[in-house]
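First comes the structure, then the notes that go with it.
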Amino acid sequence: MFICHLFLIKEKHIHNRVFVCLFVRRFKPVNMSESGEKELNGEKRDSTKKKKKEKRSAKKKKQERREKEGEHQQVEEEEEEEKSEHVVLRGIFKLGKKSHDVLLTRTRLTWIPITPESPTGEPCVQQPGVMPLRDVFAVKVKRRRAVGQQSGGPVLGVALFCCRRRGRRLEEDTLHLHNASAEHTHMWYNTLKELLTVSSSRPQFLKVFINPSSHKKEAVHIYREHVAPLFKMADVRTDITVTERKGHALSVMKECRLDEYDGVVCVGGDGSVAELCHALVLRAQLDANSPEQPVKPVLPLGIIPAGSTDVVSCSVHGVRDPVTAALHIVLGHLQQVDMCSFSSLGQLVCFGFSAMFGFGGRSLARAEKKRWMPSSRRREYAVVKTLARLRPEECQLSYLPAKRSNRDQDQDPESEGEESWTTNQGLYLSISVMSIPCLSPHTPQGLAPNTSLENGSAALIAVGNASRSEFIKHLKRYSGSNGQFSFSFVETHTVSAVRIRPRSMASWSEEESEEEGESKISPIIQSEGASFPWNIDGELVEIANEVLIRVHPQLITLYGEKVDEAESTISCNCI
């Protein structure tokens, strides 16, 4: 009916043919599925355009918001900088014999000499003196007192005690500001004290452990002569424990209330440092109720070197100097440091920074048998004797290469899968795993120069079977700048976990006969029930089974700073 009507319109109104065609085209019955698809595609295009428009709008708003936040942050930084550079106090003081215009801001102290004009009428321009307040650790009021007078006396001015850098050493220095006005002096003293106490990293109360048996038994003397006066001057209170036996510090740390302290200080060698680091991590696990996973301790650890090598102290200070270490503590210089966990058959052995298996473990085992010798002679005897009895260890060495994500995540290496591990089996004279560079005066570049304090990985140094002369050349090059890893029998890897499974062990007893000649050395089969000597942070640990070493990024905080090279005091380059 509808089609006939259209034909009539076409016959009677030929001049409206175009209209009829358009009308037919508009109402021509078509396949409904095709029409639905066209409409659906149109709706999709419209929705896609709408989504793109919304995305562009959201992106533009996000960019505008970021720009506003950036501008706001920049304004805040500028305001903070202006606030820090704003002059808090200004006054006239004498430095030496000349008067100076002294300006105090929140970050620094500046003094400018007051000089008369020259005969030509032009002012004399002199460079001002500047002292950052971050280097000032104490301020005192100076007074004139008679002999035997304990208190009182006329005011002379203010004394600022600060540190001065000389290479890698920090030295105590004093700036004297003379002014006879008591009111003016006390105003400056109170303001300086207020500005110095703003830093939250500076400790106020420290728990101190002193190992009187370390090295030459000078730890107590070192603390009393060099460290205690600086703590007293900086108004740092201390609670001192003199350890009586091995493990004493660990037992005290498990029971004492750590929330009373701002930090822990160790006066001793690497063994004492390792024991306190182990105690801090275990206490953090206990407080967090996390027996399986290591927990980062809240309190930082300060190290006053009083041992024979002090590699941990040198790695965060650059020198074996108690004054430098004490100034890092009172100024609150903090450094994040990686640590390793050592476990065997699923049981934790200890936490530490470095481990040596093979030559390092055997030489320490020999040295421990000669405790009656002086430390330097004992160390030399052990090295020479171990070189004379040099034997390789047959073991299976597996390692997990470090990844960039190790700094941000601390995963169990067992969860990575066996395919991620690289496994080698053979004869090794020495295997070392170190999470810090292990700097010392004997090795200025460190035993592991390719690693750092906080990179979330450790250096694996595996020395394969070689002749005695080649191995000695390898050892001698540690005292230089490089070349110790250029030998074909030395492998180095950056790892996040290491598994060492010994297969046989050469006997390191004193009765073993020396093998002569320069040929490569063969191992001796291990006897039943024997343990393997390990050197873990300078402490002898005997383990009979495989050892799993796992790196934990930035597990502990030490007082100090990152250094690239230690100060060398060794002039001899021989073994």
Side-chain angles (χ1 to χ4, degrees), residues 203 205-209 239 241 243 245-266 268 270-303 312 316 334-355 400 405-416 433-436 453-458 495-499 534 536-539 541 543 545-559:
F205 192 19
L206 294 171
K207 177 63 181 177
V208 181
F209 291 91
D239 179 15
T241 298
T243 58
R245 63 188 183 281
K246 186 177 180 180
H248 186 187
L250 176 61
S251 61
V252 172
M253 286 292 294
K254 286 182 178 179
E255 298 174 358
C256 68
R257 295 188 56 184
L258 295 183
D259 54 352
E260 299 177 354
Y261 306 109
D262 301 313
V264 180
V265 175
C266 172
D270 291 321
S272 303
V273 173
E275 181 180 344
L276 270 174
C277 289
H278 178 73
L280 281 169
V281 177
L282 287 184
R283 178 59 188 269
Q285 288 182 266
L286 183 64
D287 294 342
N289 195 19
S290 175
E292 300 297 331
Q293 293 296 328
V295 178
K296 183 180 179 66
V298 177
L299 298 182
L301 176 67
I303 305 170
V312 182
V316 292
L334 301 178
Q335 174 65 48
Q336 307 298 320
V337 181
D338 303 332
M339 284 194 74
C340 295
S341 62
F342 302 89
S343 57
S344 179
L345 300 180
Q347 296 295 322
L348 176 68
V349 176
C350 64
F351 290 96
F353 300 98
S354 64
L400 193 63
S405 58
N406 279 351
R407 182 188 296 268
D408 302 322
Q409 60 185 8
D410 191 12
Q411 296 181 352
D412 189 349
E414 300 291 344
S415 64
E416 297 288 341
V433 181
M434 302 175 183
S435 62
I436 61 175
L453 295 173
E454 55 175 356
N455 62 350
S457 63
V495 299
S496 60
V498 179
R499 184 188 291 115
W534 283 78
I536 300 180
D537 290 322
E539 290 293 309
V541 181
I543 307 174
N545 301 289
E546 72 170 28
V547 176
L548 174 64
I549 305 171
R550 179 186 171 195
V551 183
H552 304 280
Q554 303 180 15
L555 183 59
I556 198 165
T557 305
L558 301 181
Y559 284 108

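Residues F342 and V433 have side chains not in contact (no heavy-atom distance under 4.5 Å, counting atoms from C-beta outward). With contacts defined as side-chain heavy-atom distances shorter than 4.5 Å, the pair F209/V252 qualifies. Looking at heavy atoms from C-beta onward, L558 lies in side-chain contact with L301 at the 4.5 angstrom threshold. Residues T241 and H248 form a side-chain contact, since some pair of their non-hydrogen atoms from C-beta on lies under 4.5 Å apart. A 4.5 Å side-chain heavy-atom check between V337 and I436 finds at least one atom pair inside the cut-off.
Partners of S343 according to the side-chain contact (heavy atoms from CB on, under 4.5 Å) rule, which considers only residues two or more places apart in sequence or in another chain, are L548. Here F351 pairs with H278 under the ring pair (Phe, Tyr, Trp, His ring centres under 6.0 Å) rule; sequence neighbours left out. Listed by chain and residue number, L206, D262, I329, Y559 satisfy the side-chain contact (heavy atoms from CB on, under 4.5 Å) test with P203 (two or more places apart in sequence, or in another chain). Listed by chain and number, the residues in a ring pair (Phe, Tyr, Trp, His ring centres under 6.0 Å) with Y261 are F205 (sequence neighbours excluded).
Summarising the geometry, atom CD1 belonging to I549 is positioned 13.0 Å from atom CG belonging to L400; distances are rounded to the nearest 0.5 Å. For the atom pair E454 CD and S435 OG, the distance stands at 12.0 Å (nearest 0.5 Å). Interatomic distance, NZ of K207 versus SG of C266, reported as 12.5 Å (0.5 Å rounding). Atom-to-atom distance recorded for D239:CG and C256:SG is 8.0 Å, nearest 0.5 angstrom. The structure places CD of Q336 at 3.5 Å from OG1 of T557, a figure rounded to the nearest 0.5 Å. The structure places CG of D270 at 8.0 Å from CD1 of I303, a figure rounded to the nearest 0.5 Å.
Counting only residues at least two apart or on different chains, no salt bridge (Lys or Arg N to Asp or Glu O under 4.0 Å) pair has a member in residues 335-346. Sorted by first and then second residue, the salt bridge (Lys or Arg N to Asp or Glu O under 4.0 Å) pairs involving residues 275-292 (not counting sequence neighbours) are R283-D287.
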**Prompt:** Does the side-chain contact (heavy atoms from CB on, under 4.5 Å) test come out yes or no for V298 and L258, once each step is laid out?
**Reply:** CA-CA 9 Å; V298 177; L258 295 183; over 6 Å; no

**Message:** Pair F353, M434 - check side-chain contact (heavy atoms from CB on, under 4.5 Å), show working.
**Reply:** CA-CA 6 Å; F353 300 98; M434 302 175 183; over 6 Å; no

**Request:** Starting from the C-alpha separation in whole Å, work towards a yes-or-no answer on side-chain contact (heavy atoms from CB on, under 4.5 Å) for V547 and V349.
**Result:** CA-CA 9 Å; V547 176; V349 176; over 6 Å; no

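K296 contributes a side-chain N or O that, together with a main-chain N or O of Q554, makes up a donor-acceptor pair within less than 3.5 Å. Looking only at distances, no side-chain donor or acceptor of D537 sits under 3.5 Å from a matching main-chain atom of G271. When atom types are taken as modelled, the side chain of Q285 and the backbone of S290 share a donor-acceptor pair closer than 3.5 angstrom.
Across all their heavy atoms, S344 and E546 have their closest contact at OG-O, 2.9 Å. The two residues L276 and V265 have their closest heavy-atom pair at CD1-O, 4.3 Å. Nearest heavy-atom pair across L555 and P297 is O-CD, 3.1 Å.
Enclosure of atom CZ in R245 by more than 12 non-hydrogen atoms of other residues, nucleotides or ligands within 6.0 angstrom is indicated. Counted within 6.0 Å of CG on D259, heavy atoms from surrounding residues, nucleotides or ligands total more than 12; the atom is thus considered enclosed. Shown here is Q347, whose CD atom has no more than 12 heavy atoms of other residues, nucleotides or ligands within 6.0 Å.
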